[in-house]
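In what follows, a single structure is set out as structure tokens and then discussed.
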Amino acid sequence: MRLLVVSTAPLIFKNDVYFAYSPYAKEMVYWAKNVDEITFVCAVWNDDRGFLNTQIEFPITKVYELKDMDMTSFSNTIRAFFYSFYNIFILYKAMKSADHIQLRCPGNIGLLGSFVQILFPKKSKTTKYAGNWDPEAKQPLSYRFQKWIISSTFLTKNMQVLVYGEWVNSSKNIKPFFTASYRESDKIDVQPKNLVQ
């Protein structure tokens, strides 16, 4: 199976080796064990910019490089608007060649990817939504829009969406999950304290 990972998180290419955000890179090791090929579509940086990163421990078949969409200033936002057309084309090309699409949201590329994946209703897909799924949370419009698209079983076909927590009135493609913070071996017994004096 050819897995395509669509992410706002960049790959970092230094000394002929790819690095990525550490928790993300460690998670991908598990995916890599169950697929024939992993391809990424994301921005590629030449330095880590202070990013917590680790070396990718599995072979990457191909990287479709996207234009970085930094929207921290007015001029960068204008540039990102024009880059989005290029990025949509690259996302389409990458998704077309994949057997399974893994979309990582929320983020700028996650937003574009959530639109483009609509064009591939027969491909199997997953989304890991690493943000707050709470429908009552105050979030940027782009985050709410991503949530709406990927949870819509009318627009989004053949996709399982992993979200933190269980939420009422979720569509049938929403699957709750929880990230373990500690190993079982890390647990220690704690004796309750008597706080009443």
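Side-chain atoms of Ser152 never come within 3.5 Å of backbone atoms of Trp148 as a donor-acceptor pair (strictly under, hydrogens ignored). No donor-acceptor pair under 3.5 Å is formed between the side chain of Thr127 and the backbone N or O of Arg104. At least one donor-acceptor pair closer than 3.5 Å links the side chain of Trp167 to the backbone N or O of Tyr164. Panel note: side chain Asn173, backbone Ile150; a donor-acceptor pair is recorded below 3.5 Å. Side chain of Asp47 to backbone of Arg49: a donor-acceptor contact under 3.5 angstrom is found. In this structure, the side chain of Asp99 engages the main chain of Arg2 through a donor-acceptor pair within 3.5 Å. Side-chain N or O atoms of Asn87 include none that pairs as donor or acceptor with a backbone N or O of Leu66 at under 3.5 Å.
Under the salt bridge (Lys or Arg N to Asp or Glu O under 4.0 Å) criterion, Asp48 pairs with Lys14, not counting sequence neighbours. Partners of Val168 under the side chain to side chain contact (heavy atoms under 4.5 Å, CB included) rule, at least two apart in sequence or in another chain, do not exist in this structure. With sequence neighbours left out, the salt bridge (Lys or Arg N to Asp or Glu O under 4.0 Å) criterion links Lys62 to no other residue. Shown here are the ring-ring contact (aromatic ring centres under 6.0 Å, His included) partners of Phe19, two or more places apart in sequence or in another chain: there are none.
Surrounding CD of Glu166 are at most 12 heavy atoms belonging to other residues, nucleotides or ligands under 6.0 Å away. Residue-environment remark: CZ (Phe89) stays at or below the threshold of 12 foreign heavy atoms within 6.0 Å.
Ion pairing between Glu27 and Lys128 holds under the 4.0 Å rule for side-chain N and carboxylate O.
Aromatic rings from Phe40 and Tyr64 are positioned such that their centres are separated by 6.0 Å or more. Remark: aromatic rings of Phe82 and Tyr86 are distant, center separation not under 6.0 Å.
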May I have the list of side-chain donor-acceptor pairs in residues 135-145 shorter than 3.5 Å, sequence neighbours left out?
unit_1	atom_1	unit_2	atom_2	d
Gln139	OE1	Lys147	NZ	3.1
Gln139	NE2	Asn132	O	2.6
Arg144	NE	Gln139	O	3.1

N/O donor-acceptor pairs under 3.5 Å from side chains in residues 106-125, not counting sequence neighbours:
unit_1	atom_1	unit_2	atom_2	d
Asn108	ND2	Met69	O	2.8
Ser114	OG	Gly110	O	3.3
Ser114	OG	Leu111	O	2.6
Gln117	OE1	Lys125	NZ	2.8
Gln117	NE2	Ser114	O	3.0
Gln117	NE2	Thr156	OG1	2.9
Lys123	NZ	Met95	O	3.3
Lys123	NZ	Lys96	O	3.0
Lys123	NZ	Ala98	O	2.4
Ser124	OG	His100	ND1	2.7
Lys125	NZ	Gln117	O	3.1
Lys125	NZ	Phe120	O	3.0
Lys125	NZ	Lys157	O	3.0

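Placement of Tyr21 and Tyr18 within a single hydrophobic cluster is found when ILVMFWY residues are connected by side-chain heavy-atom separations under 4.5 Å, directly or transitively. Under a hydrophobic clustering in which Ile, Leu, Val, Met, Phe, Trp and Tyr are joined whenever their side-chain heavy atoms come within less than 4.5 Å, directly or via other members, Leu11 and Trp31 fall into the same cluster. By the criterion of side-chain heavy atoms lying less than 4.5 angstrom apart, applied directly or through intervening Ile, Leu, Val, Met, Phe, Trp or Tyr residues, Trp45 is grouped together with Val17 in one hydrophobic cluster.
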Practice problem: Check the pair Thr77, Arg79 against side-chain contact (heavy atoms from CB on, under 4.5 Å), reporting the backbone distance first and the verdict last. | Solution: CA-CA 5 Å; Thr77 301; Arg79 191 177 298 116; over 6 Å; no
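Here the closest heavy-atom approach between residue Ala20 and residue Ile56 is recorded as CB-CD1, 3.7 Å.
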